[in-house]
Structures are given as C-alpha cells and as structure tokens.
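Just below is one structure, and these are the notes that go with it.
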Amino acid sequence: MFQPPRCPHRDCSQHHRPAPGFYQRYGHFRPKCRPWPVQRYRCKSCRRTFSRQTFRADYRDHRPDLNQAFFLSLATGIGLRQTARNLGLSLTATQAKFRKMARHLRRLNLNLRGQLAPGAILQFDELETFESRRNTRPLSLPILIERETRYIVWAEAAPIRPRGKMTKARKRAIRQEEGRFGPRRDLSARSVRRTLARGAELARELPFVLFQSDEKSTYPKLARDTFGISRLLHVRTNSKIARMSWNPLFPINHTEAMARDSMARLRRESWLASKKRRYLDLALHMWMAYRNFVRRRFNHDEESPAQMLGFTDRRMTPGEVLSWRQDWGTGSVHPLSRRGVPISRRRSA
Ligand SMILES: [Zn+2]
C-alpha cells in the first residue's frame, strides 16, 4: 500500500526528483514496539536503505506508543512535569519528546497552509506573559487569527522591558538582572511584524485585507507596511470597552483566553512558567496544531478551523497530525495520506 515518495537521503538525486520505481523492496524488520513487520526499501540510485518508518514523525522515538496521549496532554492544559508523572516518563525524556514533537508540528502548521478566500477577516492582539521571572522578564505574545473560523495564523513571543507597578524589591531585581545581562531588549515590534507577515502570506490573493486590532499606536504603520496601503482596511477598537461577545474583538479575546487555558505555562496565578521564550514558541505550535487541525471550531461544529478554510479535507485525529514527518516542506507526505502522497501532489489532485 505504502509507496516511498522519495529517497529520504537529502544528498541523493532521488530525493529531489524521484523517478518512478527508484526503489526496490529490500526485506523487512520487526520493531520492538510493534507486532507486525516493517517493509524495508533500497534506493536504486544511492543504494542506501530505508523503510516506511523513515518517513514517520515518530522515527527513532523511544516510546511512540505514548505520543498521542502526550500531545493531547500538553495541548490541553497539562504541564510538562505533570505529563511526565502521568505517563511515567522521566523529565528529560519528556523535554526531548516535547521539543521534537513541537518542531514537527511547527512544520506541519507551515506546510498545510493555503490562501484565504475573500471574506476572511484577520484579527490581531498581543497578550503579556513572562519567561522564568515574572517581575523582571516580561514577554509580549502577538497572536493573529482568522476571525470567522478561529484559525490561528501565527503567534510568537518577544521580550519586552519590565513595566507597570514598581515596588522597591522589583526595582532591585531589575537592577540586578541588568547588571548581569545588560538592559532587557524590546523586540515586540519585530515579532508583531513577523506575525503579520505570516498573515500576508495567506492573504496574497485577497483584493482587500480586512484587519482588526485595538488602538495601540504602532499598529497602523506596521499593518500598512505588511499588507500594503492600497489593500488594507484596518478597523480599530478601543480596548477599554467591555470584553463581551458583542465586542468586535471578542474572537481574538476569546482565543487568548483559550490559549491561557490550554497552555499550562500561560495560566495566570500558576506555578508553571516558560523558562525560555523559545520553548514557549514551541508550546504555541503544539497548541496551534491542536486548535487548527484536531479540535472543532466550536463544540457544536463538526469542522476544524483549517478545514473551514479549505486547508485540509477533514478534521484530523491526534494520530494523523503526528503521522508523517514534515521536514521536506510541501514535499512531505500529507498527514491524511496512507500511501505516502506528498502535500503538493495531493493538493493539485
Ligand atoms: Zn537515494
């Protein structure tokens, strides 16, 4: 049933332009974690061997049997340490699994995007959190969504300077940190720009870009620079008005509330925190994959956000988002293909 879509070795001619029948069957092996044998193949060009397993996202995992439970646990509000305890993994193994899985899901999020159809509305906001120390290392976290489907286009954290109420102790802590690391940089404009640029990639075919945000003074210029002044319709809403469902920004506020609920490290009054910003970004991709591909938009819906935008044919199971490795761009195998058809070919079919 499965047909290797390419030679998995990047330096082989059959990796980039696989010819039909570039491989031959080459025996099989019995993995420890499964009762059935796995087919091996040999590339006729470079003569190296590989198997169906070489194309799987759980290739070389020690406990692939735990991956689905692991993903659901981390994407729905349980922290790393509690996940480790629940599944009987060591903390080191949990961290390694988290990083590998989240990097895979980041690629999946990027590979399975398409173009937005007219009528799409982009909504944007930033929420505030921190890395390691609440009083000295705040982060800003821009989030961009498509309003109707609640599809999360992008989110990534950036350091900002400490602000707000300054107690004596807090000032002392900030001075201490600045002595050690220098003044904390403010990179929020950069991450806002990058987040909006991810939206612009999806909006290339739209005659107009409908963009909604609050009234932060830096947004109009950043939006104009990203989407182009001639196409942009920027609607701004005062962030002081009540955050009820009639508030035009309710969808993004609601998404932010869900982010705080679904990622243990973003919860307020929590014991947990991200130690490093880059791990927060990885956790975001895990949550985005769950939210965009696995979860229904609302509980009464059948479809996922990505499905509503036409990026996928149907809602995916956790097993499907974790299925094929995604490190070859749209040449990676489509997560819904059993035979090994690449994303690029399945789309055009
Ligand atoms: Zn080869």
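One-based numbering along the sequence shown. Computed from a prediction, not measured in an experiment: that's the story for all the values here. Just follow the structure's listing: the first ligand is 1, and inside any ligand the first atom is 1.
- Within the 2.8 Å limit, H15 places no N, O or S atom next to the Zn ion (ligand 1).
- Counted by atom type alone, E146 and T149 present one or more donor-acceptor pairs between their side chains at under 3.5 Å.
- Annotation: F124 is not in aromatic contact with W154 [ring centroid separation under 6.0 Å not met].
- P142 approaches E126 most closely through the heavy-atom pair CA-CG, 3.8 Å.
- Between C12 atom SG and C43 atom SG, the angle centred on the Zn ion (ligand 1) amounts to 110° (nearest 10°).
- Residue H9: no N/O/S atom is found under 2.8 Å from the Zn ion (ligand 1).
- Rounded to the nearest 0.5 Å, atoms NE2 (H104) and CD (Q326) are 5.5 Å apart.
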